Amino acid sequence: MLNKEYHVIGVMSGTSLDGVDLAHIKFEINNNKWSYDIYECDTVSYSTEMISKLKNGINFSTTELSDLNAEYTNLLGKIISDFITKNNISSLDAVCSHGHTILHQPQNGFTLQIGNLPEIAKIVQQKVVCDFRVQDVKLGGQGAPLVPIGDKTLFSEFDYCLNLGGFSNISFEENNQRIAFDISPVNTVLNFYANTFGLEYDDKGEISESGNLNSELFEELNQLEFYSKLFPKSLGFEFVKETVLPILESYTISTEDKMRTFTEHIAFQIGKILKSKSGKLLVSGGGVYNDFLISRMKTHLPTIEIIIPDEKTIKFKEALIFALLGVLKLRNEINVLASVTGAKHDHCSGEVYEFSS
């Protein structure tokens, strides 16, 4: 008999490197409809040293990656354990953890999320469900995006769900199936330039707003091959490092102008996806706090109602959805949609590591 209620912790670390998101969540299912409550939640920042390793992991040797995986698994386990202790959380069904993406090369049949070693169950002393992407890539999929099944299951009242994190990604129903894909880089680029000012991010988009739009750069960015590809398609930091940043760095303009132009690029690409459409657009992720980006999006989306949810959903939506993926795995139910990843078929993905005291 399957449970009607689950208490889990969702754990997410995104490409924008702002830390580990943790959320204690209760899920209930009644008449095949899921509902949720987010209880305690927190974001734990990385040390400067760990940020450097996660940024540069793409260049590591196999041995260095193995060492980083072990180190990160220990760190993530401690962060989760401390969260459980701090909030006196008990009677959990599982910890559902994404890990941190270091390499994402689905075109080469490869994706690596560190922090998903079996030892993590022993460290946190809980059942752990994790490593959700690898199976999809083996089935010919992109291994991403995985969030759309959560959008479909938990946020069906919205016509479109957009996340503004390290990258922007969107999901919606089309011809009775869920469609989803990455749109463009967002905070992976904007934070890179904010860092040059000694800042973690561009607060409210104020630096970007102070710059001028460079039309030549704007056009070059919009001509990138990725934007003309049909979905399913996904982006990794490799795209930013090897394609986007070299273009931006080739222009001898101010950093403010680069950020202003790239912000317009983000809004333009989102607008291109939703042009001639109407309805409600739920927007979540750290980019929601970039007031200038949101204002530019509104300009490019005149017929769309942009809805920004409550604070917990903004900050912890991905942790929430990976918690749901973990619960669906425990139930042996589909948690990855082939319509969005391009895999051979829908499937139930993830590893389950048991803990016995």
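Model, not experiment: these values are computed from the prediction.
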(message) Determine whether a donor-acceptor pair (N or O, by modelled atom type, separation under 3.5 Å) exists between the side chain of Arg133 and the backbone of His98.
(response) no
(message) A quick test of your reading: do over 12 heavy atoms of other residues, nucleotides or ligands sit less than 6.0 Å from OH of Tyr36?
(response) yes
(message) Could you report the tightest heavy-atom contact between Asp93 and Leu330, atom names first, then the distance?
(response) O-CD1, 4.3 Å
(request) Taking all heavy atoms of Tyr227 and all of Ile183, pick out the closest pair and write down the distance. (result) CE2-O, 3.1 Å
(message) Can a side-chain donor-acceptor contact be found between Asn191 and Glu200 if the only test is distance below 3.5 angstrom?
(response) no
(message) Under 3.5 Å, is there a donor on one side chain and an acceptor on the other for Gln113 and Thr111?
(response) yes
(request) Check whether any side-chain heavy atom of Leu230 sits under 4.5 Å from a side-chain heavy atom of Phe181, and report yes or no. (result) no
(message) Any side-chain to backbone donor/acceptor pair from Thr263 onto Leu293? Under 3.5 Å, distance only.
(response) no
(request) If the plane angle is over 60° it's perpendicular, under 30° parallel, otherwise tilted; pick one for Phe262 and His265. (result) tilted
(message) Taking Arg260 first and then Glu209, would you say they form a salt bridge - that is, a charged N and a carboxylate O separated by under 4.0 Å?
(response) no
(request) Taking the side chain as every heavy atom from C-beta outward, state whether Ile102 and Phe60 have any atom pair closer than 4.5 Å. (result) no
(message) Using ring centroids (six-membered ring only for Trp), state whether Phe218 and Phe268 fall under 6.0 Å.
(response) yes
(message) Looking at every non-hydrogen atom in both residues, tell me the closest pair between Gly115 and Leu76 and how far apart they are.
(response) O-CD2, 3.9 Å
(message) Do Leu281 and Phe172 make a side-chain contact, defined as non-hydrogen atoms from C-beta onward lying under 4.5 Å apart?
(response) no
(request) Work out which heavy atom in Ile321 is nearest to a heavy atom in Val147; give both atom names and the distance. (result) CD1-CG1, 3.3 Å
(request) Keeping the roles fixed (side chain from Thr196, backbone from Phe192), state whether a donor-acceptor pair exists under 3.5 Å. (result) no
(message) If we ignore hydrogens and angles and just use 3.5 Å, is the side chain of Asp257 paired with the main-chain N or O of Gly211 as donor and acceptor?
(response) no
(message) Looking only at side-chain N and O atoms, does Gln269 offer a donor or acceptor that is under 3.5 Å from a partner on His300?
(response) no
(message) I need the minimum non-hydrogen distance between His104 and Ser234, along with the two atoms involved.
(response) NE2-OG, 3.2 Å
(message) Would you say Val95 ends up clustered with Val327 if hydrophobic residues are merged whenever their side chains have heavy atoms under 4.5 Å apart, either directly or through other cluster members?
(response) no
(message) If I compare all heavy atoms of Ala23 with all of Ala319, which pair ends up nearest, and what's the gap?
(response) CB-CB, 4.3 Å
(message) Starting from Phe322, can I reach Phe83 by hopping between I/L/V/M/F/W/Y residues whose side chains sit under 4.5 Å apart?
(response) no
(request) If the plane angle is over 60° it's perpendicular, under 30° parallel, otherwise tilted; pick one for Tyr6 and Trp34. (result) tilted
(request) Would you indicate whether the side-chain heavy atoms of Thr101 and Leu112 approach each other to under 4.5 Å? (result) no
(request) Give a yes or no on whether Lys258 atom NZ has more than 12 heavy-atom contacts from other residues, nucleotides or ligands under 6.0 Å away. (result) yes
(message) Is it the case that over 12 heavy atoms from other parts of the model lie below 6.0 angstrom from the CD atom of Glu5?
(response) yes
(request) State whether the side chain of Thr303 and the backbone N or O of Lys277 hold a donor-acceptor pair below 3.5 Å, judged by distance alone. (result) yes
(message) Does atom NZ (Lys344) have a neighbourhood of more than 12 heavy atoms from anything else shown, all under 6.0 Å?
(response) no
(message) Salt bridge or not between Asp151 and Lys317? Use side-chain N to carboxylate O under 4.0 Å.
(response) yes
(request) Please indicate whether Glu216 has more than 12 foreign heavy atoms, meaning atoms of other residues, nucleotides or ligands, lying under 6.0 Å from its CD. (result) no
(message) Determine whether a donor-acceptor pair (N or O, by modelled atom type, separation under 3.5 Å) exists between the side chain of Asp136 and the backbone of Gly143.
(response) yes
(message) Check this for me, if you would: do Glu40 and Lys86 make a salt bridge, where the nitrogen-to-carboxylate-oxygen distance has to be below 4.0 angstrom?
(response) no
(request) Could you tell me whether the side chain of Val124 reaches within less than 4.5 Å of the side chain of Phe355, counting heavy atoms only? (result) no
(message) How about CG on Asn332, more than 12 heavy atoms from neighbouring residues, nucleotides or ligands closer than 6.0 Å, or not?
(response) no
(request) Describe, in one word, how the ring planes of Tyr46 and Tyr72 are oriented to each other, choosing from parallel (under 30°), tilted (30 to 60°) and perpendicular (over 60°). (result) tilted
(message) For Asn69, is there any backbone N or O sitting under 3.5 Å from a side-chain donor or acceptor partner on Thr73?
(response) yes
(message) Within the supplied structure, the quantity of interest is the number of heavy atoms (other residues, nucleotides, ligands) at a distance under 6.0 Å from Gln107 CD; does it exceed 12?
(response) yes
(request) Examine distances only and state if a side-chain atom of Asn195 and a backbone atom of Leu199 form a donor-acceptor pair shorter than 3.5 Å. (result) yes
(request) Flag the pair Leu75 / Glu71 as yes when at least one side-chain heavy-atom distance between them is below 4.5 Å, and no otherwise. (result) no
(request) Give a yes or no answer on whether the side chain of Ser295 reaches the backbone of Phe292 with a donor-acceptor pair at less than 3.5 Å. (result) yes
(message) Using 30° and 60° as the class boundaries, would you call the ring planes of His24 and His7 parallel, tilted or perpendicular?
(response) tilted
(message) According to a hydrophobic-cluster definition based on side-chain heavy atoms being under 4.5 Å apart (Ile, Leu, Val, Met, Phe, Trp, Tyr only), do Leu162 and Ile149 belong together?
(response) no
(request) Could you tell me whether a side-chain N or O of Asn335 sits under 3.5 Å from a main-chain N or O of Ser349, the two making a donor and an acceptor? (result) yes
(request) Would you verify whether the NZ or CZ of Lys233 falls within 45 degrees of the ring axis of Phe226 while also being under 6.0 Å from that six-membered ring's centre? (result) yes
